[in-house]
Amino acid sequence: MAELETRYVFVTGGVASSLGKGVIAASLAKLLQSRGYSVTIQKLDPYLNIDPGTLNPYEHGECYVTDDGAETDLDLGHYERFLNVPTSQDNNVTTGRIYRNVITKERKGEYLGKTVQIVPHITDEIKRNIMLMGTRHKFDVVITEIGGTVGDIESLPFIESVRQLKWELGYRAMFIHLTLVPYLNASHELKTKPTQHSVKALLENGIQPDVLVLRSEHDLSIELRKKVARFCNVDPDAVVQSIDVKSIYEVPIKMKEQHLDEIAMRKLQLPVKHDADLADWINFLEKQKNATKKVHIALVGKYVELPDAYKSIIESLNHASTYNDRKLLLDLVHSENITEDNIDSKLKDVDGIIVAPGFGQRGTEGKILAVKYARENNIPFLGICLGMQMSVVEFARNVLKFDKANSSEMDHSTPYPVIDLMESQKNITNMGGTMRLGAYDCKLVKGTKAFEAYGKELVRERHRHRYEYNNKYLADYEKAGMIASGINPDTGLVEIVEIPTHKWFVSCQFHPEYSSTVLKPHPLFMAFIKAAITNTKK
């Protein structure tokens with residue numbers, strides 16, 4: 001049987017950003033995957049940063065890290081959570097990376113004698129990066145989401161590139177355009193004009209959408225969809241609505257009900273292998289729907305006014321709560337607002353406490369107070385990255401009595417740098433892409449809570465940090481009751497610490513939230529929620 005030629009789906013957006021292109025792309029990918037195809041999703045981001053690694057979470061939300069150490073857009077987290085397939089640096093391409101590649105080639109003389117231009121050199125580089133997903137990684141279907149909205153100046157080279165690819169690939173490529181149908185309360189009407197203008201802007205760039213996904217807070221009538229189809233040159237059955245749902249994990253089911261996968265397969269001339277098998281997915285949704293008891297968790301961080309900054313942690317908590325037959329009741333607690341006087345009122349009713357990752361000094365003293373509260377009150381606790389480091393600092397100050405102990409990131413002159421800059425980081429001056437990034441091995445100590453959670457001795461987890469546990473103090477900690485339960489076998493770096501006498505106190509230097517998916521919740525989150533549920537019976 002001849003090998004299937006890779007198909008390409010391009011997802012664009014109009015009218016407004018944040019309509020959910022990533023979730024629609026992930027939902028279609030899930031449906032095609034359930035039909036037996038190997039699928040991946042790629043994000044094209046139109047900003048000039050090489051990657052989002054140096055962006056403030058207030059600017060861009062969470063920075064998601066792949067196994068191979070790429071700092072990427074948070075949408076890649078959606079892709080992995082839906083597909084349960086790892087992504088890589090090839091799955092997130094920015095304008096900055098495209099320009100850097102082209103300028104590097106120009107300096108090497110690869111365009112010798114040529115005037116380097118947006119077309120064809122930039123567009124050719126964009127096309128090459130899109131096609132890599134099919135040629136290098138050998139996927140059956142590659143879905144490429146283009147960031148921003150149609151009409152943005154920054155997006156024009158990406159739009160031109162995919163326009164060219166459509167003509168080169170023919171039936172092997174198609175366009176899905178996601179747009180908004182707003183409801184005007186004053187006139188009690190749904191308005192299609194923004195969609196019409198958005199499609200017109202797309203047509204002006206030479207792209208005719210094959211499918212329209214209409215984002216709306218209200219059901220769209222057949223008549224309205226036919227109207228949109230008529231004005232936008234789209235088949236009536238290819239106008240799909242995306243209405244608000246309680247959980248983003250319901251979207252694949254909603255898309256299946258409207259036959260989005262069948263429409264895509266027909267337009268891409270994909271053979272039908274078998275019907276979509278979503279039994280496991282539906283089982284997850286049923287468990288989520290039927291859970292009545294709650295588990296109350298406090299997430300302590302300094303970006304809590306922007307939940308997207310902790311998107312993967314929140315979704316990981318949702319996965320684990322669902323599989324433990326609980327609804328998640330989540331309090332987002334701003335670490336900068338925590339004081340000794342008010343901490344009891346903020347945390348006394350919760351079943352478990354997580355101290356979140358982050359960088360910089362702001363809010364760290366509040367995180368340390370939250371760690372202390374969890375430790376002294378025997379409340380199940382999970383520290384992640386900086387959360388782990390602050391749990392180490394708290395133990396040093398309040399148990400080991402190391403006065404003014406701290407991380408050297410926060411206090412260069414601390415007499416007890418229990419968290420210190422990694423040796424490999426000491427000569428680094430550039431900020432972008434230079435941290436300890438990607439997946440590393442971790443060997444677990446048998447008999448510990450970490451080993452019990454994973455059920456095996458060797459695990460591999462993703463990292464994003466410059467500072468590490470200072471092994472100079474390891475003997476002091478272990479003598480006083482905080483042990484190293486996970487260690488990197490190659491470097492001796494302490495990856496996990498825990499307190500055996502505590503109900504459940506585990507802190508990890510890595511980011512377990514990057515590896516939790518809908519069908520495979522992360523073991524540490526599962527164990528943490530299980531301990532928190534036990535705590536609800538206190």
Side-chain angles (χ1 to χ4, degrees), residues 7-25 27-28 43-46 123 126 130 143-184 187 189-244 251 254-255 258-264 266-268:
R7 304 314 204 255
Y8 295 86
V9 180
F10 303 110
V11 181
T12 57
V15 182
S17 59
S18 301
L19 289 180
K21 292 192 301 295
V23 174
I24 292 296
S27 297
L28 175 59
K43 177 74 180 287
L44 303 182
D45 270 317
T123 51
I126 292 170
I130 293 171
I143 300 176
T144 301
E145 175 195 348
I146 299 173
T149 55
V150 171
D152 296 346
I153 292 173
E154 297 95 334
S155 299
L156 286 175
F158 289 125
I159 296 294
E160 171 59 20
S161 299
V162 296
R163 181 198 69 79
Q164 293 178 22
L165 276 176
K166 170 62 178 170
W167 284 102
E168 293 168 18
L169 294 168
Y171 70 86
R172 290 170 52 208
M174 66 173 286
F175 289 98
I176 296 176
H177 189 55
L178 179 63
T179 183
L180 178 68
V181 177
Y183 180 79
L184 299 185
S187 59
E189 286 181 296
L190 287 158
K191 290 295 184 181
T192 64
K193 195 64 73 176
T195 292
Q196 294 176 45
H197 281 291
S198 178
V199 173
K200 182 182 177 184
L202 203 57
L203 289 167
E204 287 172 352
N205 286 291
I207 292 174
Q208 168 64 55
D210 298 286
V211 176
L212 289 177
V213 178
L214 307 182
R215 188 83 169 81
S216 176
E217 296 176 355
H218 300 269
D219 272 313
L220 306 179
S221 67
I222 297 297
E223 290 74 20
L224 186 144
R225 293 197 222 182
K226 285 182 177 178
K227 177 184 176 181
V228 169
R230 184 165 58 251
F231 278 100
C232 299
N233 307 325
V234 175
D235 295 334
D237 71 341
V239 179
V240 174
Q241 75 170 7
S242 176
I243 199 163
D244 286 358
V251 178
K254 294 294 183 184
M255 294 301 105
Q258 297 174 85
H259 312 290
L260 179 60
D261 53 333
E262 295 174 32
I263 297 166
R266 184 176 75 239
K267 291 185 178 294
L268 293 170

Q: Hey, is the main chain of Leu268 close enough, under 3.5 Å, to the side chain of Arg7 for a donor-acceptor pair?
A: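 Side chain of Arg7 to backbone of Leu268: a pair is present.
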Q: Determine the minimum heavy-atom distance between Cys232 and Leu212, stating which atoms define it.
A: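 For Cys232 and Leu212, the tightest heavy-atom pair comes out as CB-CD1, 3.8 Å.
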Q: For residues Leu165 and Tyr8, determine if any side-chain heavy atom of one lies less than 4.5 Å from a side-chain heavy atom of the other.
A: no
Q: Do Ser198 side-chain atoms and Pro194 backbone N/O form a donor-acceptor pair below 3.5 Å?
A: no
Q: Hey, what do you get for CD1 (Ile243) to CG (Asp219), rounding to the nearest 0.5 Å?
A: 4.0 Å
Q: Nearest 0.5 Å, please: how far is CG in Asp210 from CD1 in Ile176?
A: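 Going from the CD1 atom of Ile176 to the CG atom of Asp210 covers 8.5 Å.
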Q: Under the side chain to side chain contact (heavy atoms under 4.5 Å, CB included) rule, what do His218 and Leu224 come out as? Steps first, then yes or no, please.
A: CA-CA 12 Å; His218 300 269; Leu224 186 144; over 6 Å; no
Q: What is the minimum heavy-atom distance between His177 and Gly14, and which atoms define it?
A: CE1-N, 3.6 Å
Q: Can you confirm whether Ile130 sits close enough to Leu44 that some side-chain heavy atom of one is under 4.5 Å from a side-chain heavy atom of the other?
A: yes
Q: Just wondering, more than 12 heavy atoms not from Leu184 lying within 6.0 Å of its CG?
A: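 Yes - once you tally the heavy atoms of other residues, nucleotides and ligands closer than 6.0 Å, there are more than 12.
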Q: From the options Gln258, Arg266, His259, select the one residue that forms a side-chain hydrogen bond (donor to acceptor under 3.5 Å, both in side chains) with Glu262.
A: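 Only one option passes, and that is His259.
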Q: Could you walk me through whether Met255 and Val240 pass the side chain to side chain contact (heavy atoms under 4.5 Å, CB included) check?
A: CA-CA 8 Å; Met255 294 301 105; Val240 174; 3.9 Å; yes
Q: Quick one: closest heavy-atom pair of Gly22 and Glu145, and the distance?
A: CA-OE1, 3.3 Å
Q: Between Tyr183 and Glu217, is a side chain to side chain contact (heavy atoms under 4.5 Å, CB included) present by the stated rule, with each step listed?
A: CA-CA 8 Å; Tyr183 180 79; Glu217 296 176 355; 5.5 Å; no
Q: If you count every heavy atom of other residues, nucleotides or ligands that lies below 6.0 Å from Gln208 atom CD, does the total exceed 12?
A: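 More than 12 heavy atoms, drawn from other residues, nucleotides or ligands, come within 6.0 Å of this atom.
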Q: Nearest 0.5 Å, what's the CD1-CG distance between Ile263 and Leu260?
A: 6.0 Å
Q: Which atom names give the shortest non-hydrogen contact between Leu178 and Gly20, and what distance separates them?
A: CD2-C, 3.5 Å
Q: Could you measure the distance from the CG atom of Leu190 to the CG atom of Leu180? Nearest 0.5 Å is fine.
A: 10.0 Å
Q: Where do Arg163 and Glu160 land on the salt bridge (charged side-chain N to carboxylate O under 4.0 Å, His left out) test, with the steps shown first?
A: CA-CA 5 Å; Arg163 181 198 69 79; Glu160 171 59 20; 2.8 Å; yes
Q: Measuring from Asp45:CG to Phe158:CZ, what's the distance to the nearest 0.5 Å?
A: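 It is 7.5 Å, given to the nearest 0.5 Å.
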Q: Between Lys21 (side chain) and Gly148 (backbone), is there a donor-acceptor pair under 3.5 Å?
A: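 Indeed, once roles are kept as given, a pair shorter than 3.5 Å links the two residues.
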Q: Donor-acceptor check, side chain of Lys191 to backbone of Pro182, threshold 3.5 angstrom: yes or no?
A: no
Q: Is any side-chain heavy atom of Val162 closer than 4.5 Å to a side-chain heavy atom of Thr12?
A: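 Of all side-chain heavy-atom pairs linking Thr12 with Val162, none is under 4.5 Å.
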Q: Locate the shortest heavy-atom distance separating Ala173 from Phe10; write the atom from each residue and the value.
A: CB-CE1, 4.0 Å
Q: Ignoring hydrogens and angles, tell me if any N or O in the side chain of Gln241 forms a donor-acceptor pair with the backbone of Leu220 under 3.5 Å.
A: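 Between the backbone of Leu220 and the side chain of Gln241 there is a qualifying donor-acceptor contact (under 3.5 Å).
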Q: Is any side-chain heavy atom of Asp244 closer than 4.5 Å to a side-chain heavy atom of Arg215?
A: yes
Q: Set out, in order, the CA-CA distance, both residues' side-chain angles and the distance that settles side chain to side chain contact (heavy atoms under 4.5 Å, CB included) for Val211 and Met174, then state yes or no.
A: CA-CA 8 Å; Val211 176; Met174 66 173 286; 3.6 Å; yes
Q: Whether the side chain of Thr192 engages the backbone of Thr195 through a donor-acceptor N/O pair (distance < 3.5 Å, no angle test) should be reported.
A: no
Q: With a 4.5 Å limit on heavy-atom distance, are the side chains of Lys226 and Glu223 in contact?
A: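 With C-beta onward as the side chain, the pair stays apart.
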Q: What heavy-atom pair brings Pro209 and Leu202 nearest, and what distance separates the two atoms?
A: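 In this case the closest contact between Pro209 and Leu202 is CD-CD2, 3.9 Å.
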Q: Within this structure, what is the CD-CD1 distance for the pair Gln164 and Ile207, rounded to the nearest 0.5 Å?
A: 10.0 Å
